[in-house]
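To keep things clear, I will list the structure first and then write my remarks on it.
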Amino acid sequence: MELLIMTYALRTSCAKNIIGVIPYFPYSKQSKMRKRGSIVCKLLASMLSNAGLTHIITMDLHQKEIQGFFNFPVDNLRASPFLLQYIQEEIQDYRNAVIVAKSPDAAKRAQSYAERLRLGLAVIHGEAQCAEHDMADGRHSPPTVKNTTVHPGLEIPLMMAKEKPPISVVGDVGGRIAIIVDDIIDEVESFVAAAEILKERGAYKIFVMATHGILSADAPNLIEDSAIDEVVVTNTVPHEVQKLQCSKIKTVDISLILSEAIRRIHNGESMSYLFRNIAMDD
């Protein structure tokens, strides 16, 4: 609301351009309809547009397609160069590492890291994982009713219930360093469970890398007591309090790319330099 109010104040004061720098775009996980719920990310995009924003600089949107919700330019910067540099400089013997996707949904991001570092890829798959579209988020509309009546001449086939296979790791992690990559770390139960599985499969060190470290609720304590050796996140979201609670949390500074984006937009220079070597599927 503060951002909307400030944007509207600038608009009514006849500002030529109003550029919002939003490193972590909120509600980015709610970018598609589940059951009959609302697409909150689209609502937020409409509100920002109506308030008067003319440009947004953000980083690692949960889905790239979110840029289509806006009717003005969106620069979706990448934090992966900073995280890749951290892996190469701070993780000893990183050549003996394997990039891990904690679910099939994260495999594309993990593949991008693996190809750039010339490392192997592993994917965790099975019943311990909860797909994003299967999560019970309380937004069932209409609510479930026990006794429902269907028109006698209408026979609608029912969707078969999913049955996930037993937990498995596709790829070899024995005697290797496991690096789990994702875009957001909020509730860490799935990361802790993935770390336990990787330990059982023989990984001797486990790192978690992500762009946005929300680390809400009891996340720092769960990380401290888990098999995870280190959690590396960027400073798109402040997490100083969480770092005081957990010594395993490390921060990578990405202010350089944000400041360069602001400078280029202010001077009317091309933004293409900041997107060099980024493929269509990144």
Side-chain angles (χ1 to χ4, degrees), residues 24-25 27-35 37 41 60-66 78-80 83-84 87 97-117 119-139 159-174 176-203 205-219 222-223 226-234 281-282:
Y24 169 63
F25 193 79
Y27 300 101
S28 59
K29 279 194 172 183
Q30 299 181 30
S31 58
K32 54 190 174 184
M33 184 177 290
R34 302 174 191 156
K35 301 290 194 303
C41 195
D60 280 346
L61 290 169
H62 186 60
Q63 299 287 345
K64 291 183 296 182
E65 292 78 6
I66 291 173
R78 304 296 197 275
S80 52
L83 297 175
L84 290 168
I87 293 173
V98 59
I99 305 298
V100 180
K102 70 178 179 67
S103 69
D105 293 336
K108 184 179 289 187
R109 183 181 301 272
Q111 180 183 358
S112 175
Y113 276 71
E115 290 175 352
R116 281 174 166 76
L117 292 168
L119 299 176
L121 177 67
V123 180
I124 299 175
H125 177 58
E127 60 185 6
Q129 301 301 318
C130 179
E132 183 179 333
H133 53 272
D134 287 337
M135 292 190 297
D137 54 9
R139 291 181 291 172
M159 179 68 74
M160 293 179 62
K162 288 185 178 180
E163 184 176 345
K164 296 186 180 180
I167 193 71
S168 62
V169 178
V170 182
D172 182 23
V173 296
R176 312 283 287 278
I177 300 172
I179 304 175
I180 304 172
V181 298
D182 213 334
D183 60 332
I184 300 172
I185 301 180
D186 190 358
E187 297 177 349
V188 298
E189 285 82 357
S190 60
F191 291 94
V192 172
E196 293 291 341
I197 294 163
L198 293 171
K199 276 288 185 184
E200 292 174 5
R201 298 298 193 277
K205 262 191 176 181
I206 298 170
F207 292 81
V208 176
M209 318 281 292
T211 303
H212 310 294
I214 312 300
L215 302 171
S216 61
D218 201 32
L222 290 174
I223 293 171
S226 71
I228 299 172
D229 292 282
E230 197 168 280
V231 173
V232 182
V233 293
T234 70
D281 57 348
D282 281 346

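Just the heavy atoms: all of them, side chains too, but no hydrogens, waters or symmetry mates, feed the values below.
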Practice task
State whether a side-chain donor-acceptor pair under 3.5 Å links Asp186 with Ser216.
Solution key: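 There is such a pair (donor and acceptor under 3.5 Å, judged by atom type) between the side chains of Asp186 and Ser216.
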
Which heavy-atom pair separates [X] from [Y] by the least distance, and what is that distance?
X: Ile124; Y: Pro104; answer: O-CD, 3.6 Å
X: Gly171; Y: Ala122; answer: CA-CB, 4.2 Å
X: Cys41; Y: Ser28; answer: SG-CA, 4.1 Å
X: Ile206; Y: Ala195; answer: CD1-O, 3.2 Å

Problem - Side-chain donor or acceptor of Thr234 paired with backbone N/O of Thr211 under 3.5 Å - result: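 A pair under 3.5 Å: yes.
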
Problem - Backbone of Lys102 reached by a side-chain donor or acceptor of His125 within 3.5 Å - result: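 Checked: no pair found.
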
Check: [Y] and [X] side chains under 4.5 Å, non-hydrogen atoms:
X: Ile223; Y: Leu215; answer: yes
X: Ile180; Y: Phe207; answer: no
X: Val100; Y: Leu198; answer: yes
X: His212; Y: Val233; answer: no

Going from [atom1] on [X] to [atom2] on [Y], what distance comes out if it is rounded to the nearest 0.5 angstrom?
X: Ile214; Y: Tyr24; atom1: CD1; atom2: OH; result: 4.0 Å
X: Lys32; Y: Gln63; atom1: NZ; atom2: CD; result: 5.5 Å
X: Lys29; Y: Leu61; atom1: NZ; atom2: CG; result: 13.5 Å
X: Ile99; Y: Met209; atom1: CD1; atom2: CE; result: 8.0 Å
X: Ile185; Y: Ser190; atom1: CD1; atom2: OG; result: 9.0 Å
X: Ile184; Y: Asp182; atom1: CD1; atom2: CG; result: 8.0 Å

Practice task
For Asp229, enumerate each residue passing the side-chain hydrogen bond (donor to acceptor under 3.5 Å, both in side chains) test, keeping only those at least two apart in sequence or located in another chain.
Solution key: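 Here no residue qualifies.
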
Exercise for the section: Give the C-alpha distance, both sets of side-chain angles, the deciding distance and a yes or no for side chain to side chain contact (heavy atoms under 4.5 Å, CB included) between Tyr113 and Ile179. Expected result: CA-CA 10 Å; Tyr113 276 71; Ile179 304 175; over 6 Å; no

Exercise for the section: Kindly indicate, with the supporting measurements, whether the criterion side chain to side chain contact (heavy atoms under 4.5 Å, CB included) is fulfilled by Leu119 and Val98. Expected result: CA-CA 6 Å; Leu119 299 176; Val98 59; over 6 Å; no

